[in-house]
Amino acid sequence: MSEDDNNSEEYPTEIHDYLAAFEKSLGSVDEMLKTMMSVSRSELLQKLDPLEQAKLDLVSVYTLNSMFWVYLATQGINPKEHPVKQELERIRTYMNKVKEITDKKKASRLDKGAASRFVKNALWEPNAEKEHSSKTPAKAKKRQ
């Protein structure tokens, strides 16, 4: 009997796909952590601007707290009733603030002068039309 056959008897076959996906995700997290740990934190932070540093810190602390959430769930503790839930909500609040700042930086700037000129030239002015129509026949008469 192979090892896979032995393992499949230990848990229901319905959850095999979920466990395989979970194992793959753990492998991805492990690779990411190894990559992050290969560079010293101070060296990494020197390469980033303050906003990027804040993003890195928030992602790090959110990941750590999420992993603790999963740990609590595996221990039979309801994480929704644990203080880690409030911590995750607090972190999400700061992540939203950083996102707002990033969005404001990306937002296009309005050139008020150009917009004013554009609107002024696009609007119909009744006095201008009268002047235009009165000048046009005069020019036509001069040409004849």
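For clarity, every value in this text was computed on a predicted model and none was experimentally measured.
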Original post:
What side-chain hydrogen bond (donor to acceptor under 3.5 Å, both in side chains) pairs are there with at least one residue in residues 89-100, not counting sequence neighbours?
Top reply: Tyr62-Arg92, Glu87-Arg90, Lys99-Asp103
**OP:** Step by step, work out the salt bridge (charged side-chain N to carboxylate O under 4.0 Å, His left out) result for Asp57 and Arg41.
**Re:** CA-CA 10 Å; Asp57 288 341; Arg41 181 166 170 75; 2.3 Å; yes
Subject >> Point-to-point distance, once rounded to the nearest 0.5 Å, from CG of Leu88 to CE of Met95 >> reply: 9.5 Å
**OP:** Would you please test Lys85 and Trp69 for side-chain contact (heavy atoms from CB on, under 4.5 Å) and show each step?
**Re:** CA-CA 8 Å; Lys85 182 177 186 225; Trp69 176 286; 3.9 Å; yes
Subject >> Approximate separation, where rounding is to 0.5 Å, of Lys47 NZ and Leu45 CG >> reply: 11.0 Å
Original post:
Considering all heavy atoms of both residues, which atom of Thr35 and which atom of Ser38 are nearest to each other, and what is their separation?
Top reply: O-OG, 2.6 Å
**OP:** State, to 0.1 Å, how close Leu72 and Val84 come at their nearest heavy-atom pair, and which atoms those are.
**Re:** CD1-CG1, 3.8 Å
Original post:
Salt-bridged, Glu52 to Lys55, with N to O below 4.0 Å?
Top reply: yes
Subject >> Distance (rounded to the nearest 0.5 Å) between Ile91 CD1 and Asn65 CG >> reply: 4.0 Å
**OP:** Mind checking the CD-CG spacing from Gln53 to Leu48? Nearest 0.5 Å is all I need.
**Re:** 6.0 Å
**OP:** May I ask you to decide if Leu56's main-chain N or O and Ser60's side chain share a donor-acceptor pair within less than 3.5 Å?
**Re:** yes
**OP:** Report yes or no: do Met32 and Met67 belong to one cluster of Ile/Leu/Val/Met/Phe/Trp/Tyr joined by side chain heavy-atom distances under 4.5 Å?
**Re:** no
Original post:
Do any N or O atoms from the side chain of Asp30 and from the backbone of Leu26 form a donor-acceptor pair under 3.5 angstrom?
Top reply: no
**OP:** Tell me whether Val59 is reachable from Leu51 by hopping between hydrophobic residues (I, L, V, M, F, W, Y) whose side-chain heavy atoms are closer than 4.5 Å.
**Re:** yes
Original post:
When rounded to the nearest 0.5 angstrom, what distance separates OG1 in Thr74 from OH in Tyr71?
Top reply: 6.5 Å
Subject >> Atom pair NZ (Lys120) and CZ (Arg117), whose distance is rounded to the nearest 0.5 Å >> reply: 10.5 Å
